[in-house]
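Quick notes on the structure that follows.
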Amino acid sequence: MARLKAGVLISGRGSNLLTLLEACAAPDFPVEIALVVSNRPEAGGLSHAQRFGVPATVIPHRDFPDREAFDRAVGAALEAAGVELVCLAGFMRIFSPWFPARWANRILNIHPSLLPAFKGLHVQQQAIDAGARVSGATVHLVTDDLDGGPIVAQAAVPVHPDDTADTLAARILKAEHALYPLALRWFGERRVRLVPQPGKPDRVVIDGIAPGGAILWRP
Ligand SMILES: Nc1nc2c(c(=O)[nH]1)N[C@@H](CN(C=O)c1ccc(C(=O)N[C@@H](CCC(=O)O)C(=O)O)cc1)CN2
Ligand SMILES: NCC(=O)N[C@@H]1O[C@H](COP(=O)([O-])[O-])[C@@H](O)[C@H]1O
């Protein structure tokens, strides 16, 4: 079976992009990264793509009159590269409704909290402020409902009493780097199914993974 073609969207340093590039470099990994897109020319992750020989392009969101125009430009670049699955990896732009509609069920995001807890930005501080004892990372499908799309997999980490946002973020990031390649592999193996649930986000089932989803504990 041909390897699934992924496109990775970034805005910053790209440590999650690097883990995906490293995973895809393995000969038996069922996904290849066909394009990296950044909305910021200064994104450090662009150097990771260059080092791995993966095409990369910068599409500055500020060059467009509105969100949908930017989204359409990003979509055109992804389509031209033959991308089948879009992976957000520290991509810091909220899509207009057009993008999740055009790429329905084909956009993954890594979020540094155990959704549905703590959506949006600065979620590590949100967890600390809430007195959470556990936080972690979530891979979810992206919809027009910000950070509300179907959950694919999660990794939990402890919150320490003396944690700062930075120390918690660093602990969660290690879990992210284990979780995202795992979730991407499942998509490449074509093991992911969506089960509609009236009035709720679709339930994600990973064939061969009980209990019908994936929980990865990273102490
Ligand atoms: N339509 C959707 N777009 C995006 C989703 C989503 O679920 N639905 N996930 C986000 C990722 N994300 C959190 O995981 C996130 C990224 C960015 C923002 C945000 O407030 N962005 C601001 C700009 C911030 C900046 O440039 O520093 C904005 O877009 O105005 C919130 C959540 C990706 N997109
Ligand atoms: N709401 C989106 C969000 O906060 N994403 C987070 O940004 C960081 C990007 O780091 P990276 O560029 O090193 O992968 C990651 O921790 C990711 O979970």
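Every number for a ligand or one of its atoms is a count from 1 in the order of the listing.
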Q) Minimum heavy-atom separation for Thr143 to Gly148, with atom names? A) OG1-C, 4.4 Å
**Q.** For Val54 against Val36, the heavy-atom pair lying closest together
**A.** CG1-CG2, 4.0 Å
Which residue and heavy atom of the protein sit nearest [atom], plus the separation:
atom                    : answer
atom 3 (N) of ligand 1  : Phe95 N, 3.0 Å
atom 15 (C) of ligand 1 : Leu121 CD2, 4.3 Å
atom 34 (N) of ligand 1 : Arg93 O, 2.8 Å
atom 1 (N) of ligand 2  : Gly120 O, 3.6 Å
atom 9 (C) of ligand 2  : Gly90 CA, 3.6 Å
atom 2 (C) of ligand 2  : Met92 SD, 3.9 Å
atom 32 (C) of ligand 1 : Leu146 CD1, 3.9 Å
atom 8 (C) of ligand 2  : Arg13 NH2, 4.2 Å
atom 12 (O) of ligand 2 : Gly14 N, 2.9 Å
atom 3 (C) of ligand 2  : Pro112 CD, 3.8 Å
atom 28 (C) of ligand 1 : Arg67 NH2, 3.5 Å
atom 9 (N) of ligand 1  : Asp147 OD1, 3.6 Å

Q | Thr167 and His160 side chains, donor-acceptor separation under 3.5 Å | A | no
Q) Among side-chain atoms of His111 and Ser113, is any donor-acceptor pair under 3.5 angstrom? A) yes
Q. Less than 4.5 Å apart, any side-chain heavy atom of Val204 and any of Trp186?
A. no
Q. Arg106 versus Val83: any side-chain heavy-atom pair under 4.5 Å?
A. no
Q) Does the pair Asp163/Arg171 count as a salt bridge with the N-to-O cut at 4.0 Å? A) yes
Q: Would you mind finding which of Ile94, Asp71, Leu115 brings a heavy atom closest to atom 19 (C) of ligand 1?
A: Ile94
Q. Out of Met92, His122, His111, whose heavy atom sits nearest atom 17 (C) of ligand 1?
A. Met92
Q: Specify side chain, backbone, both or neither for Thr143, according to which of its non-hydrogen atoms lie closer than 4.0 Å to ligand 1.
A: backbone
Q) Considering only heavy atoms, does Asn109 approach ligand 1 within less than 4.0 Å through its side chain, its backbone, both, or neither? A) side chain
**Q.** Given Leu20, Val139, Val152, the one that forms side-chain contact (heavy atoms from CB on, under 4.5 Å) with Ile110
**A.** Val139
Q. Got an N/O contact under 3.5 Å between Val142 and ligand 1?
A. no
Q.
Under 4.0 Å, heavy-atom basis, I'd like to know which part of Asn109 is in contact with ligand 2: side chain, backbone, both or neither.
A. neither
Q.
Tell me whether Ile151 shares a hydrophobic cluster with Ile107, the cluster being built from Ile, Leu, Val, Met, Phe, Trp, Tyr side chains joined at under 4.5 Å.
A. no
Proximal atoms of ligand 1 relative to [X] (non-hydrogen, under 4.0 Å):
X     : answer
Phe91 : 11 (C), 16 (C), 33 (C)
Arg40 : 26 (O)
Leu88 : 33 (C)

Q. Should Glu176 be counted as touching ligand 2, given the test is an N or O pair under 3.5 Å?
A. yes
